[in-house]
Number of protein chains: 2
Amino acid sequence: MSPASTRDKILDAAQGFIARVGVNAMSYKHLSDVVGIRKASIHHHFPTKTDLLLHVVQRYHGHFMLKLDSIMADDGNGRARLESYCKVFEEVLTRGDCTGSCPLGMLVAEMQTLDPKVKVMLMQFYKENQHRLHQILEQGLQDGSLHFKGTREALGALIFSLLQGLLFLTRGGGSVQMFRTTVDQLLVMV
Amino acid sequence: MSPASTRDKILDAAQGFIARVGVNAMSYKHLSDVVGIRKASIHHHFPTKTDLLLHVVQRYHGHFMLKLDSIMADDGNGRARLESYCKVFEEVLTRGDCTGSCPLGMLVAEMQTLDPKVKVMLMQFYKENQHRLHQILEQGLQDGSLHFKGTREALGALIFSLLQGLLFLTRGGGSVQMFRTTVDQLLVMV
DNA sequence: GTCTATATAGAGATAGAC
DNA sequence: GTCTATCTCTATATAGAC
């Protein structure tokens, strides 16, 4: 891996804390301890917590969408793409120390305490996920690899809610195995 | 409604804050403002935040299970009971100022920052929900009102994750309507 | 049970030297 | 860019009077 800049180290640390304990339990002191520089130096890179948050969200959003775009570019029918989509969420769980969830999901949970600018970005994340899911589900209907009653919209909302909920609950005593089992259950139902 | 004791008012206020903003964004000052007594008086009833948390969880757990038990006592087939089960979650959303989610779901999200005693109670809540769901799904299979592939366990985990995830995401720009639509989608798939 | 007052620690943030 | 030092505010929690 390429040597990360201090700025990136801070973003990495912040993203990890948010995923594990949430924004409101993360402090500049915590970041300072992990990154190895003083609090004031963190403030040099990100003057306020909202600044930091905006950049964490933006970066994560970008990386996540790149992954989804690569799924959409792959060969494969709708079902294969839906499986890949779920796999992206599983990787969120298995990467790192396995205690985290999706940092943006965590921020949605704490949304009432955030700057409106962050809220807007979080809603955009939701919207773009829905868009990709609609495409995948539509394709699956067309190529006959997916079968379901109801609308793409409703099933898309169901799938995204399920995956985010799973990430939350898995940390409460759950395991990657439980995550997989539940996703498999979804896949036998479509 | 019966006149609530100060103790109950504190628990009500705490539960509301947890559901809306989480434990880590809730302070004794906030509670003091809502209940109308001083911080020190809150400490008289609940010396530490963990004490308060334990009682909030215990009370909510009790009330929730009473509701589920009344569902299990009603007449009705498996499908009707599953609909009632989902309705209990919808009521969490529509009650009060509509910005909250399940306080225990929120605590699960913040689990890494909590006292181990609270964690144990949260896992118990999950376990008992799973137990009720297994019963409902089994009954639905027996009486022919529900049809699904896979196991009761996997579908139970899916349903609970979905409902908790929905409560989280609905607050991020969602509505009760979206909650209902998604639950309806679940119900046409079983 | 509720109050005032206080202790102690930590938060986010800024000024200015190097 | 990083540091020391400091400001201001808020957090949890306790002591002791009424």
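Below, chains carry the letters A, B, ... as their sequence lines are ordered, and counting in each starts from 1. Please read all numbers here as calculations on a predicted model, not as lab measurements.
Every residue meeting the salt bridge (charged side-chain N to carboxylate O under 4.0 Å, His left out) condition with A/Arg152, not counting sequence neighbours, appears here in chain and number order: A/Glu138. Considering only residues two or more places apart in sequence or on other chains, A/Lys117 meets the salt bridge (charged side-chain N to carboxylate O under 4.0 Å, His left out) condition with none of them. The ring-ring contact (aromatic ring centres under 6.0 Å, His included) search around A/Phe148 returns none, not counting sequence neighbours. With sequence neighbours excluded, the residues that form a salt bridge (charged side-chain N to carboxylate O under 4.0 Å, His left out) with A/Glu90 are A/Lys87, A/Arg180. Here A/Val56 pairs with A/Leu11, A/Ala14, A/Gln15, A/Ile18, A/Leu52 under the side chain to side chain contact (heavy atoms under 4.5 Å, CB included) rule; sequence neighbours left out. The salt bridge (charged side-chain N to carboxylate O under 4.0 Å, His left out) test applied to B/Asp143 returns no partner, not counting sequence neighbours. Take A/Tyr126 and apply the ring-ring contact (aromatic ring centres under 6.0 Å, His included) test, not counting sequence neighbours, and it matches A/Phe160.
In this structure the side chain of A/Thr182 reaches within 4.5 angstrom of the side chain of A/Leu162, judged on heavy atoms.
For residues 29-41 of chain B, proximity to DNA chain C is found at B/Ile37, B/Arg38, B/Ala40, B/Ser41, defined as any non-hydrogen atom under 4.0 angstrom from a strand atom. Only at 4.0 angstrom or more do the heavy atoms of residues 112-122 of chain A sit from any atom of DNA chain D, so none qualifies.
At whole-Å resolution of the value, NE2 in A/His44 and C1' in C/dA15 are 14 Å apart. Rounded to an integer number of Å, the gap from CZ of A/Phe17 to P of C/dA11 is 11 Å.
Among residue pairs with one or both ends in residues 74-83 of chain A, those qualifying as side-chain hydrogen bond (donor to acceptor under 3.5 Å, both in side chains) are A/Arg81-A/Gln139; sequence neighbours excluded. Residue pairs satisfying the side-chain hydrogen bond (donor to acceptor under 3.5 Å, both in side chains) criterion with at least one member in residues 35-49 of chain A, sequence neighbours excluded, are listed as follows: A/Thr48-A/Asp51.
If you walk DNA chain D from 5' to 3' and mark each nucleotide with an atom closer than 4.0 Å to a heavy atom of chain A, the marks span D/dG1 to D/dT4.
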